[in-house]
J.: 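Here you go, one structure.
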Amino acid sequence: METQIFKPDQIEAAAALLKAGQLVSFPTETVYGLGADATNEAAVKQVYAAKGRPSDNPLIVTVTGQAMVEQYAEPLSAKAQALIDAFWPGSLTLILNLQPGKLSKAVTGGLSTAAFRNPANQTTLALIQAAGVPIVGPSANTSGKPSPTLAQHVYHDLKGKIAGIVDDGPAQVGVESTILDLTADVPTILRPGAVTEEDLEPVIGTVRSTHHKVGKTEVPKAPGMKYKHYAPNAQVYIVDHESDWPAALAWAQAQAYPVGAMALDHVLAANQLPANVEAYTLGPDLASASHRLFAGLRHFDLESPVKGILTQGFADSGLGAAYMNRLNKSAGQVHFQR
């Protein structure tokens, strides 16, 4: 299969592929998604095959707004309405109860709930509008690999496996949306993202933020809760504190192989890098680090292969919760030890 590259002014051609049951990657403000007609079960099953994704890992349903959600979900609660008013379009995914029989179990992982997102990207909103249906939207990467923030990342992973990619430049946020379960007794963050607990609570009150994993036999309600994610070819080591970097770089120097170092500008500038260490800047602050994390991991996979990647850690709060959620999964919870 030839994978076509579309520009934003070629939306109708990309939408025609979706309507024909083909897979098309699309841009969002977070990462690139892999789109299929959410009402076409055969097309949805192709998403799992293209990504190598387990079939009990549910898919996000990407919509143009509230009116499209209401075609599939049960009547919205007051909290759901308040969140939609406050954060859509944007980086917040809401898990809602479904009307019976409205979406295939291939979309929901066999559950009676589904995750809905209205992205802040006009190109993708136009694509969904032109297709006339919601589209499933997992990240457009091989399952388990770092999420794609550029069309080139998608092409590397899925060339020949999908019909098209809509190239709208780099994603602005760089980590996937926050997923909030509104079907729980207390609204619960299942995946942290750019919309934080501190953002949500003034709008709807108490939010629980501790349930990010499920057991081996449990069906996850949201992506990223059960299986290994975001892992590059090299082992990632989390460097928890800035004061740990001299020791981490001394360890790297003693290795007989090349090592990558991903950290903020001032951390890299403050430390002498050994000859076998290549730096990748995460920028000046946490926001830029979140934006550049996946791109950095892919840099070391695709452009400068290394055997280990030392990566700066941050406090696990606010946006740092989203960053550390992704980084811990990339590293398999491996932290550098002095």
J.: Could you walk me through whether Val47 and Leu23 satisfy the side-chain contact (heavy atoms from CB on, under 4.5 Å) test, starting with their C-alpha distance in whole Å, then the side-chain angles of each, then the deciding distance to 0.1 Å, before giving a yes or no?
T.: CA-CA 7 Å; Val47 170; Leu23 306 186; 3.7 Å; yes
J.: Any sub-3.5 Å donor-acceptor pair from Ser77's side-chain atoms to Ala80's backbone N or O?
T.: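 Looks like yes, one N/O pair under 3.5 Å.
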J.: State, yes or no, whether a side-chain contact exists between Val207 and Val186 at a heavy-atom distance under 4.5 Å.
T.: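 The answer is no; the side chains never approach within 4.5 Å.
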J.: For His335, which of Asn328, Val236, Val239, Asp244 qualifies under side chain to side chain contact (heavy atoms under 4.5 Å, CB included)?
T.: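 Only one of Asn328, Val236, Val239, Asp244 forms a side chain to side chain contact (heavy atoms under 4.5 Å, CB included) with His335, namely Asn328.
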J.: If you look at every heavy atom in Ala140 and Ser25, which pair is closest and at what distance?
T.: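 Looks like CB-OG, 3.5 Å.
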J.: Side chains of Thr93 and Ser177: donor-acceptor distance under 3.5 Å anywhere?
T.: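 Present: a donor and an acceptor within the cut-off.
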J.: Looking just at side-chain N and O atoms, do Gln66 and Gln81 make a donor-acceptor pair shorter than 3.5 Å?
T.: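 Yes, side-chain donor-acceptor contact under 3.5 Å.
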J.: Would you call Glu176 and Arg326 a salt bridge, using N to O less than 4.0 angstrom?
T.: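 Answer for the salt bridge query: yes.
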J.: Under a 3.5 Å distance rule, please check whether Thr108 uses its side chain to pair with a backbone N or O of Ala114 as donor and acceptor.
T.: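 Looks like no, no N/O pair under 3.5 Å.
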J.: What are the two closest heavy atoms between Ala321 and Asp316, and how far apart are they?
T.: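 So the two residues come closest at CA-OD1, 3.0 Å.
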J.: Quick one: pull up CG in Leu200 and CD1 in Ile189 and give me the separation to the nearest 0.5 Å.
T.: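 Leu200 CG to Ile189 CD1: 5.5 Å, rounded to 0.5 Å.
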J.: Is there side-chain contact between Leu34 and Ile162, with heavy atoms separated by less than 4.5 Å?
T.: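 Yes. Closest side-chain heavy atoms under 4.5 Å.
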J.: Please check if the side chain of Trp88 supplies one atom and the backbone of Leu92 the other of a donor-acceptor pair under 3.5 Å.
T.: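 Side chain of Trp88 to backbone of Leu92: a pair is present.
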J.: Nearest 0.5 Å, please: how far is CG in Leu302 from CD in Gln152?
T.: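 Answer rounded to 0.5 Å: 10.5 Å.
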J.: Find out whether Arg292 and Thr281 are in side-chain contact, i.e. whether some heavy atom of one side chain is under 4.5 Å from a heavy atom of the other.
T.: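 They are in contact (side-chain heavy atoms under 4.5 Å apart), so the answer is yes.
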J.: Step through the shown structure and confirm whether more than 12 heavy atoms of other residues, nucleotides or ligands are within 6.0 Å of CD on Gln255.
T.: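 Yes, enclosed.
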J.: Does some side-chain heavy atom of Phe6 sit less than 4.5 Å from a side-chain heavy atom of Leu17?
T.: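 The answer is yes, as the side chains (C-beta and beyond) meet within the 4.5 Å cut-off.
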J.: If you take all heavy atoms of Ala171 and His291, which pair is closest and at what distance?
T.: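 Heavy-atom minimum between the residues: O-NE2, 2.7 Å.
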J.: So, does Glu74 use its side chain to make a donor-acceptor pair with the main chain of Asn97 at under 3.5 Å?
T.: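 Between the backbone of Asn97 and the side chain of Glu74 there is no qualifying donor-acceptor contact (under 3.5 Å).
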J.: Quick check: are there more than 12 heavy atoms from other residues, nucleotides or ligands sitting under 6.0 Å from NZ of Lys19?
T.: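 Atom NZ in Lys19 is crowded, with more than 12 foreign heavy atoms closer than 6.0 Å.
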J.: Distance-only, no hydrogens or angles: does the Glu201 side chain make a donor-acceptor pair with backbone N or O of Asp199 under 3.5 Å?
T.: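 It does not hold such a pair.
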J.: Evaluate the side-chain proximity of Leu182 to Ile95: yes if any heavy-atom separation is below 4.5 Å, no if none is.
T.: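 The answer is no; the side chains never approach within 4.5 Å.
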J.: Mark yes or no for whether Glu70, through its side chain, and Ala67, through its backbone, hold a donor-acceptor pair below 3.5 Å.
T.: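 Side chain of Glu70 to backbone of Ala67, a donor-acceptor pair under 3.5 Å: no, none is there.
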J.: Can you label the angle between the Phe314 ring and the Tyr323 ring as parallel, tilted or perpendicular, going by 30° and 60°?
T.: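 Perpendicular, since the angle between the ring planes exceeds 60°.
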J.: Out of the candidates Val61, Val44, Val136, only one should pair with Leu103 under the side chain to side chain contact (heavy atoms under 4.5 Å, CB included) rule; please name it.
T.: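 That would be Val61.
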J.: Is it possible for you to say whether Ile60 and Leu125 belong to one hydrophobic cluster, with membership spreading through side-chain heavy-atom contacts below 4.5 Å?
T.: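 Cluster IDs for Ile60 and Leu125 differ.
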J.: Check for a donor-acceptor pair, side chain of Glu29 on one end and backbone N or O of Ala120 on the other, with a separation under 3.5 Å.
T.: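 Checking the backbone N and O of Ala120 against the side chain of Glu29, a donor-acceptor pair under 3.5 Å is found.
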J.: Please report the shortest heavy-atom distance between Asp167 and Pro8, naming the atom on each side.
T.: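 Scanning both residues, the minimum pair turns out to be O-CD, 3.4 Å.
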J.: Verify side-chain contact (heavy atoms from CB on, under 4.5 Å) between Tyr48 and Leu59, making sure each step is shown before the conclusion.
T.: CA-CA 9 Å; Tyr48 290 100; Leu59 302 172; 3.5 Å; yes
J.: According to ring pair (Phe, Tyr, Trp, His ring centres under 6.0 Å), who are the partners of Tyr72, at least two apart in sequence or on a separate chain?
T.: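 Not a single residue meets the ring pair (Phe, Tyr, Trp, His ring centres under 6.0 Å) criterion with Tyr72.
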J.: How far apart are the closest heavy atoms of Leu127 and Ala15, and which atoms are they?
T.: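 Taking Leu127 first and Ala15 second, the nearest heavy atoms are CD1-N, 3.6 Å.
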J.: Counting C-beta onward and ignoring hydrogens, is there a side-chain heavy-atom pair between Val166 and Ile5 closer than 4.5 Å?
T.: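 No. Closest side-chain heavy atoms not under 4.5 Å.
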J.: Which pair of non-hydrogen atoms, one from Ala234 and one from Asp301, has the smallest distance, and what is that distance?
T.: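 The pair with the smallest heavy-atom distance is N-OD1, 4.3 Å.
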J.: How many angstroms lie between atom CG of Leu286 and atom CG of Leu264, to the nearest 0.5 angstrom?
T.: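 Taking CG in Leu286 and CG in Leu264, the distance rounds to 8.0 Å.
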J.: Can you tell me if Gln46 uses its side chain to pair, donor with acceptor, with the backbone of Gly21 under 3.5 Å?
T.: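 Checking the backbone N and O of Gly21 against the side chain of Gln46, a donor-acceptor pair under 3.5 Å is found.
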J.: From the options Thr149, Asn141, Leu150, select the one residue that forms a side chain to side chain contact (heavy atoms under 4.5 Å, CB included) with Phe294.
T.: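 Running side chain to side chain contact (heavy atoms under 4.5 Å, CB included) over Thr149, Asn141, Leu150 with Phe294 returns exactly one hit, Thr149.
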J.: Distance alone, cut at 3.5 Å: any donor-acceptor contact between the side chains of Gln312 and His241?
T.: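 There is no such pair between these side chains.
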J.: With side-chain contact (heavy atoms from CB on, under 4.5 Å) as the criterion, how do Trp251 and Leu310 come out once you've worked through the C-alpha distance, each side chain's angles and the decisive distance to 0.1 Å?
T.: CA-CA 10 Å; Trp251 168 85; Leu310 297 166; 4.0 Å; yes
J.: Following the transitive rule for hydrophobic clusters with a side-chain heavy-atom cut-off under 4.5 Å over Ile, Leu, Val, Met, Phe, Trp and Tyr, establish whether Leu96 and Val203 coincide in one cluster.
T.: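 Yes, same cluster.
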J.: Among Val24, Leu18, Val133, which one satisfies side chain to side chain contact (heavy atoms under 4.5 Å, CB included) with Asp37?
T.: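 The option that passes is Val133.
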J.: If you group Ile, Leu, Val, Met, Phe, Trp and Tyr by side-chain heavy-atom gaps below 4.5 Å, do Phe336 and Val334 land in one group?
T.: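 Yes, because Phe336 and Val334 connect within a single hydrophobic cluster, where side-chain heavy atoms sit under 4.5 Å apart.
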J.: Determine whether the side chains of Lys307 and Asn233 contain a donor N or O and an acceptor N or O closer than 3.5 Å.
T.: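 On atom types as modelled, these side chains do not qualify, holding no pair under 3.5 Å.
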J.: Is there a donor-acceptor pair under 3.5 Å between the side chain of Ser139 and the backbone N or O of Ser147?
T.: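 No: the side chain of Ser139 does not pair with the backbone of Ser147.
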J.: With a 3.5 Å distance limit and no angle check, can you tell me whether Tyr32 reaches the backbone of Pro170 through a side-chain donor-acceptor pair?
T.: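 Absent.
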J.: Ile128 versus Met68: any side-chain heavy-atom pair under 4.5 Å?
T.: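 Sidechains of Met68 and Ile128: in contact.
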J.: Any salt bridge linking Asp157 with Arg298? Criterion: basic side-chain nitrogen under 4.0 Å from a carboxylate oxygen.
T.: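 A salt bridge links Asp157 with Arg298.
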J.: Go through the steps to decide whether Asn121 and Thr30 satisfy the test side-chain contact (heavy atoms from CB on, under 4.5 Å), and finish with yes or no.
T.: CA-CA 9 Å; Asn121 182 285; Thr30 57; over 6 Å; no
J.: Look at atom CD of Gln272 and say whether more than 12 heavy atoms of other residues, nucleotides or ligands are closer to it than 6.0 Å.
T.: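 Incorrect, the count does not exceed 12.
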